[in-house]
Amino acid sequence: MSQYRRNPPTGINVLIVGAGFAGLTAAIECHRKGHDVLVLESFPQLKILGDIISFGPNSGRIFQKWEGVEEQLDPLCHNTDRINFVTWDGDYLIAQHWDAEESYGKKFNGHRGEIHEIVFKHALARGIDIRLGQKVIDYFEDENEAGVLARNVATGVEERFTADVVFPADGVRSEGRKIVLGYEDKPISSGYAIYRSWFDSTNLKSPLTDHLWKNGDTHWGWIGPDVHFLAASLKNGKDFSWVCTHKDDTDIEESWSAPGKIEDCLKVVEGWDPVVQEIIKATPTDYLVDWKLIYRDPLPTWISPKRRIALIGDAAHPFLPTSIQGASQSMEDGATLAVCLEKCGGPANVREALRAYERIRYDRVLKAQKTGETTRDKWHKADMEYVKRNPAVVKLQRESWLLNFDSEKHAYEVYDDVATKLRQEDSKTGEGLGARL
Ligand SMILES: Cc1cc2nc3c(=O)[nH]c(=O)nc-3n(C[C@H](O)[C@H](O)[C@H](O)COP(=O)(O)OP(=O)(O)OC[C@H]3O[C@@H](n4cnc5c(N)ncnc54)[C@H](O)[C@@H]3O)c2cc1C
């Protein structure tokens, strides 16, 4: 018998485009519920990419449902009870302790590539069919099915794949948006960019930085005029990660591996706390990424005209990093969709499931996205004299509605009511399953 729990087969075929956290979570959750899953990913092989990423208690509890995953994540993840806030010029402000939110559940903050590898391997171990090197170049749907055209990135051979439903989980530059919106929408600059790095802590040679890593994990945040700088040590102080978010209106055509220049970054923090300057100077030159932070306006809908294609993750709703929720919300999407497909009653009703998914998730996601803007403005537009007198204002909002939340449980609780409401609305408008949000 398999070590992985799985419901009896539902006969529903799910095709997922993209094996990031949105795609993999949707795949694993759909597999758990008994749906058949195929994932197409354009990367030809798994690579350990990125640096620090955060999963709040709301997504931490999704990881915890996957047999063996929590045990693998624990030794890799950041382990502190607080973040210490400092002003840009080095005045200590306040510590924000996490104990108050521990009752919400467990969070996992660590290296994006390392966490991704664990989740990817878990999906493979469950027997999920993930095909790498398949770049999806077109989407289609009719009353009876949906599908994609994919090109093998090695051979150039094109192949059509069909399913009952398709979930584009293809990230912030999603191609899947076109069929959903009926037009091509362009990503926009958020007006900010982030220098980011992850390296071995032994590079930090100055005594000024010893306290950041030598006695185990720590977490620090410097707040300055339109710039903030966050630094964390992980794996009992062995690894070190920092991000510096600053104003930037240049070209947004970046990739995750766009190199950054140490001297440019030092200019952003000129005159700042010497500790910050030492961190940047200690950064190995090849380990600095200059990531232009792109954004998209909220979409009017996440599902296609025939209701067989549903956007998930960043493809549906990119988040500002200051929300600390982008990855978590992308995971909630998959957990919710899997339940909706289970509850809808079989392949004939999947279009109702996709509408219910959108209805259940939309307002919550919008509200969560807003928290990113609130925190960014709070940190970047702060009157520093006021902050020094009232240090508590820099604390992150860690609210129960957002973090103390189980998306799978919630979907089970509300699905029947949401589906009934959708049917009532349809009977009034006469639009049937075609009615939009
Ligand atoms: C390489 C990489 C590194 C990242 N590093 C960080 C980080 O360090 N910190 C952080 O906070 N966030 C990082 N992110 C973003 C973060 O993972 C997401 O914001 C969040 O997890 C939501 O995930 P997602 O699955 O919706 O999108 P993504 O993580 O962007 O995943 C989208 C996936 O879809 C695939 N894809 C795209 N187009 C196609 C196509 N046409 N056909 C097939 N597959 C396609 C991509 O290759 C990718 O694997 C990174 C994303 C990527 C892709």
Side-chain angles (χ1 to χ4, degrees), residues 15-28 38-56 59 62-63 78 108-117 119-120 123 130-139 148-153 158-159 161 166-179 187 194-198 230 232 234 241-243 245 254-258 287-289 291 293-296 302 310-334 337 365 368-369 372:
L15 173 53
I16 297 168
V17 180
F21 287 104
L24 289 177
T25 304
I28 294 166
L38 170 64
V39 182
L40 302 178
E41 162 61 50
S42 56
F43 270 125
Q45 72 212 52
L46 176 69
K47 279 195 183 154
I48 309 293
L49 295 171
D51 46 72
I52 192 94
I53 197 164
S54 302
F55 296 88
S59 56
I62 300 176
F63 286 139
H78 184 63
F108 296 89
N109 300 337
H111 193 289
R112 189 245 181 217
E114 293 173 356
I115 297 177
H116 184 252
E117 182 184 30
V119 173
F120 184 87
I130 305 178
R131 303 201 196 163
L132 300 181
Q134 292 286 344
K135 185 173 174 54
V136 168
I137 51 177
D138 200 14
Y139 291 81
V148 301
L149 180 65
R151 182 178 296 140
N152 185 307
V153 297
E158 292 180 3
E159 193 178 345
F161 296 87
V166 175
F167 304 153
D170 51 349
V172 71
R173 296 175 188 284
S174 169
E175 291 290 321
R177 287 180 157 223
K178 265 183 251 164
I179 191 161
I194 308 185
Y195 287 112
R196 41 195 314 148
S197 188
W198 181 293
L230 300 173
L234 303 93
S241 160
W242 62 266
V243 292
T245 304
E254 99 297 352
S255 80
W256 270 94
S257 54
Y287 286 66
L288 182 62
V289 172
W291 177 41
L293 190 51
I294 69 172
Y295 203 52
R296 303 244 192 190
W302 303 339
L311 299 169
I312 60 175
D314 282 358
H317 44 65
F319 272 71
L320 291 175
T322 36
S323 68
I324 328 177
Q325 273 291 310
S328 292
Q329 292 299 319
S330 80
M331 290 182 68
E332 285 193 7
D333 288 346
L337 259 172
V365 168
Q369 276 176 309

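Every number for a ligand or one of its atoms is a count from 1 in the order of the listing.
- Contact detail for Pro168 and Ala310: the closest heavy-atom pair is CD-O, 3.2 Å.
- The distance criterion of under 3.5 Å between nitrogen or oxygen atoms is met by Ile52 with respect to ligand 1.
- Heavy-atom proximity to Gly171, at under 4.0 Å, picks out these atoms of ligand 1: 27 (O), 30 (O), 32 (C).
- Taking all heavy atoms of Leu311, Ile115, Asn109, Val136 into account, the minimum distance to atom 40 (C) of ligand 1 is reached by Val136.
- Using cut-offs of 30° and 60° for the angle between ring planes, the Phe120 and His116 rings count as tilted.
- Looking at Val17 against ligand 1, only its side chain comes within 4.0 Å, counting heavy atoms.
- Interatomic distance, Asp170 CG to Leu40 CG, rounded to the nearest 0.5 Å: 11.0 Å.
- Looking at every heavy atom in both residues, Arg177 comes nearest to His317 through NH2-N, 4.3 Å.
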Practice item. Could you walk me through whether Val153 and Gln134 pass the side-chain contact (heavy atoms from CB on, under 4.5 Å) test, one step at a time? Key: CA-CA 6 Å; Val153 297; Gln134 292 286 344; over 6 Å; no

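- In this structure, Ala169 is part of the shell of residues with a heavy atom less than 4.0 angstrom from ligand 1.
- Ligand 1 places these atoms under 4.0 Å from at least one heavy atom of Lys135: 41 (N), 42 (N).
- Among all heavy-atom pairs drawn from Ser54 and Ala327, the shortest one is O-CB, 4.0 Å.
- Applying the 4.0 Å criterion to heavy atoms of Phe43 picks out, from ligand 1, the atoms 47 (O).
- Summarising the geometry of Gly313 relative to Ser330, their closest heavy-atom pair is CA-CB, 3.5 Å, with the distance given to 0.1 Å.
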Check your understanding: Can you list the steps and then say if Phe161 with Val136 is a side-chain contact (heavy atoms from CB on, under 4.5 Å)?
Key -> CA-CA 10 Å; Phe161 296 87; Val136 168; over 6 Å; no

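- Interface atoms of ligand 1 facing Ala327, defined by a heavy-atom separation under 4.0 Å, are 20 (C), 21 (O).
- For Gln134, the closest heavy-atom approach to ligand 1 falls below 4.0 Å.
- Nearest residue to atom 47 (O) of ligand 1 from Glu41, Arg131, Glu175 is Glu41 (criterion: closest heavy atom).
- A search for side-chain contact (heavy atoms from CB on, under 4.5 Å) contacts involving Ile194 returns Arg196, Val243, Thr245, Trp291, Leu293, Pro321, not counting sequence neighbours.
- Contact annotation for Ser42 and ligand 1: heavy atoms of both the backbone and the side chain come within less than 4.0 Å of the ligand.
- Heavy atoms of Arg196 found under 4.0 angstrom from ligand 1 belong exclusively to the side chain.
- In terms of heavy-atom proximity, Ala169 sits nearest to Ile312 at CB-CG1, 3.6 Å.
- Nearest-residue assignment for atom 25 (O) of ligand 1 (options Ala26, Ala19, Ala22; heavy-atom criterion): Ala22.
- Close approach of ligand 1 to Gly313 (heavy-atom distance below 4.0 Å) involves ligand atoms 26 (O).
- Those atoms of ligand 1 with a heavy atom of Gly50 less than 4.0 angstrom away are 5 (N), 8 (O).
- Contact atoms of ligand 1 toward Leu49: 1 (C) (distance under 4.0 Å to a heavy atom of the residue).
- Atoms of ligand 1 lying under 4.0 Å from at least one heavy atom of Leu40, given by number and element, are 43 (C), 44 (N).
- Other residues, nucleotides and ligands contribute only 12 or fewer heavy atoms inside 6.0 Å of the OH atom of Tyr287.
- The two residues Ile52 and Ser241 have their closest heavy-atom pair at CB-OG, 3.4 Å.
- Remark: among candidates Ile324, Asp333, Val243, Asp314, the nearest residue to atom 19 (O) of ligand 1 is Asp314, based on non-hydrogen atoms.
- Considering both main-chain and side-chain atoms, Phe21 comes within under 3.5 Å of ligand 1 through a nitrogen or oxygen pair.
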